[in-house]
Amino acid sequence: MNKMIFANLVHRPVRSLISIVAIAVEVTLILLIVGLSLGMLNDAKSRTVGVGADLMVQPPGSSNLMGISGAPVPMKIADVLRKLPHVAVVSPVVWQLSTSGALELIDGIDETYEQLRPFQYLSGGPMQNPYDALVDDYVATSKNIKVGDPINILNHEFHVSGIVMNGKGARKFVPMATLQDLIGAPGKASIFYVKVDNPANINAVKDEVLKLPGMSQYKVITMEEYLSMMTASSLPGLKQFIMVVISVAVIIGFIVIFQAMYTAVMERTREIGILKSMGASKFYIVNVILRETVVLAIGGIIAGIALSMLARRGIHAKLPTLPIQIQADWILYAIIIAVVGAILGALYPAFKAAQKDPIEALAYE
């Protein structure tokens, strides 16, 4: 049976190749889009944790995603927070999303930011002038930036004073006072990063912050709470987006396999009649069609995984700031989805072949 299956697939190489490519596209679509979604989510998590704070204080209704909140909070809150027991560092930060060329987050920082977890400078040093800027190594590599080079940020020219290791919040940093002036928010901040003197005091400090006059409605979360919230299931819309992507991929595989197998059954009517006249059962005929489908699915899955890996490498080489994480569990999910979708697409043609009358099939021209 296996020899006959492979002979049938080789006998129609173009149709077999189209089916394999369709399944490969299905697998690639799932792995790359899901990988991009999870990669951006996990990248945001790791860079937020990399700031080195124990608590984040934001105004009511703020988003968990960096840069969405604007700069609505008075800077004087930082002075109030610094007076609380067990607070070691309070660093106000201004967030600003830039859509010039690419969607990116700009952080406006002051000298307190380095007190959380100091930058690791790969070249250059701290910002000294109002229009100095820091960039991380990913940005420097992707845009071939060196210390002293000009860089356009928010349609203004800055000069790179230092290149730092990635993973410290944003990928571009400018002086906070400069960013406040550029966005029209003098004396305002987006968030306050708080570092306590001892990890054992994190919850106590959180309670004290919420007890401050006017702060009871503020969003005060620990890094542990932040990490638990930054998942695909908890972020609004992300889970639904992934399900839509998977559904589209399954439909692509289903339609192509259905059409390929249905056409193959129609072309092999006489062959099916011969098999049935020789005593082949309905189960045997269904088994042959489904085995062919599984072979096509396996070929498509292998090609899809290989294509996804190559695409990820190419994207990373061109856009190193765009994270794509192809995880082992999603490779397994993509395999299952592709095989199930292909089998579903082949079921009707297989049962149609099994129902053919051998006499009519033999007489078919």
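Counting heavy atoms from C-beta on, the side chains of E114 and F119 come closer than 4.5 Å. Residues Y121 and L134 are in side-chain contact: their nearest non-hydrogen atoms beyond the backbone lie under 4.5 Å apart. Taking 4.5 Å as the limit, every side-chain heavy atom of V51 sits out of range of all side-chain heavy atoms of M56. I298 places none of its side-chain heavy atoms less than 4.5 Å from the side chain of V295. Residues V73 and K188 are not in side-chain contact: their nearest non-hydrogen atoms beyond the backbone lie 4.5 Å or more apart. Between Q96 and L105, the closest side-chain pair of non-hydrogen atoms is not below 4.5 Å. Here the side chains of R117 and K168 are in contact, with some heavy-atom distance below 4.5 Å. Counting only heavy atoms from C-beta outward, the side chains of K146 and V160 never approach each other to under 4.5 Å.
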Let me see the working for W95 and I183 under side-chain contact (heavy atoms from CB on, under 4.5 Å), right down to the final yes or no.
CA-CA 10 Å; W95 287 339; I183 66 174; over 6 Å; no

Residues K143, D149; criterion side-chain contact (heavy atoms from CB on, under 4.5 Å); working and verdict:
CA-CA 11 Å; K143 298 187 176 180; D149 286 350; over 6 Å; no

Applying side-chain contact (heavy atoms from CB on, under 4.5 Å), run through M176 and M75 and close with a yes or a no.
CA-CA 11 Å; M176 182 165 57; M75 286 279 293; 3.3 Å; yes

Determine, stepwise, if the pair I153 / I151 fulfils side-chain contact (heavy atoms from CB on, under 4.5 Å).
CA-CA 6 Å; I153 300 176; I151 183 172; 4.2 Å; yes

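When all heavy atoms of V89 and T112 are compared, the pair lying nearest together is CG1-O, 3.9 Å. Minimum interatomic distance between D107 and L179 (heavy atoms only, all atoms of both residues): C-CD2, 4.1 Å. Minimum heavy-atom separation, G304 to T28: O-OG1, 3.2 Å. Here the closest non-hydrogen pair linking V209 and M215 is O-CB, 3.3 Å. Shown here for I23 and A297, the closest heavy-atom pair between the two residues is CD1-CA, 3.5 Å. P175 and D132 get closest at one heavy-atom pair: CD-O, 3.1 Å.
Linking ILVMFWY residues whenever their side-chain heavy atoms come closer than 4.5 Å, directly or via other members, leaves M165 and Y138 in distinct clusters. Linking Ile, Leu, Val, Met, Phe, Trp and Tyr residues whenever their side-chain heavy atoms come within less than 4.5 Å places I315 and I305 in a single cluster. Under the 4.5 Å side-chain heavy-atom criterion for Ile, Leu, Val, Met, Phe, Trp and Tyr, I33 and V25 are members of distinct hydrophobic clusters. The hydrophobic cluster containing M309 also contains L332, counting ILVMFWY residues as joined when their side-chain heavy atoms lie under 4.5 angstrom apart, directly or transitively. Hydrophobic clustering (ILVMFWY, side-chain heavy atoms < 4.5 Å, transitive): L310 and V27 are in distinct clusters.
In this structure, CD1 in I301 is found 10.5 Å from CD1 in I337, a value given to the nearest 0.5 Å. I191 contributes atom CD1, which lies 10.5 Å from atom CG of L55 (distance to the nearest 0.5 angstrom). The distance from atom CD1 of I251 to atom OG of S247, rounded to the nearest 0.5 Å, is 6.0 Å. To the nearest 0.5 angstrom, H156 atom NE2 is 5.0 Å from L182 atom CG. The NZ atom of K195 sits 9.5 Å away from atom CE of M223, with the distance rounded to the nearest 0.5 Å. A distance of 7.5 Å separates CD1 in I145 from CD1 in I163, rounded to the nearest 0.5 Å.
K45 forms no cation-pi arrangement with Y226, by the criterion of a distance under 6.0 Å to the ring centre and an angle within 45° of the ring axis.
A distance-only check finds a donor-acceptor pair linking the side chain of R47 to the backbone of G169 [under 3.5 Å]. Between the Q325 side chain and the L36 main chain, no donor and acceptor come within less than 3.5 Å of each other. Proximity of a side-chain donor or acceptor of S308 to a complementary backbone N or O of L31 within less than 3.5 Å is not detected. Listed for the R82 side chain is no donor-acceptor partner under 3.5 Å among the backbone atoms of V87. The backbone N or O of G314 sits nowhere less than 3.5 Å from a side-chain atom of H316 that would complete a donor-acceptor pair. Under a 3.5 Å cut-off, the side chain of T178 and the backbone N or O of Y131 do not form any donor-acceptor pair. When atom types are taken as modelled, the side chain of Q58 and the backbone of Y218 share no donor-acceptor pair closer than 3.5 angstrom. Judged purely by atom type and a 3.5 angstrom limit, D137 uses its side chain to pair as donor or acceptor with the backbone of N166. For N42 (side chain) and G39 (main-chain N/O), no donor-acceptor pair under 3.5 Å exists by modelled atom type. The backbone N or O of V94 lies less than 3.5 Å from no partner atom in the side chain of S190, so there is not a single donor-acceptor pair.
Checked for salt-bridge contact, K206 and E225 meet the test: a charged N lies under 4.0 Å from a carboxylate O. Using a 4.0 Å cut-off between charged side-chain N and carboxylate O, K76 and D79 make no salt bridge.
F192 is linked by a ring pair (Phe, Tyr, Trp, His ring centres under 6.0 Å) to nothing, counting only residues two or more places apart in sequence or in another chain. Shown here are the side chain to side chain contact (heavy atoms under 4.5 Å, CB included) partners of S216, two or more places apart in sequence or in another chain: there are none.
A side-chain donor-acceptor contact under 3.5 Å links N201 and D197.
The number of heavy-atom neighbours closer than 6.0 Å to CD of Q327, taken from other residues, nucleotides and ligands shown, is above 12.
A perpendicular orientation is assigned to the rings of Y113 and Y193, their planes being inclined by more than 60° (bins at 30° and 60°).
Residue pairs meeting the salt bridge (Lys or Arg N to Asp or Glu O under 4.0 Å) criterion with at least one partner in residues 169-181, sequence neighbours excluded, are D43-R171, E104-K172, D136-R171.
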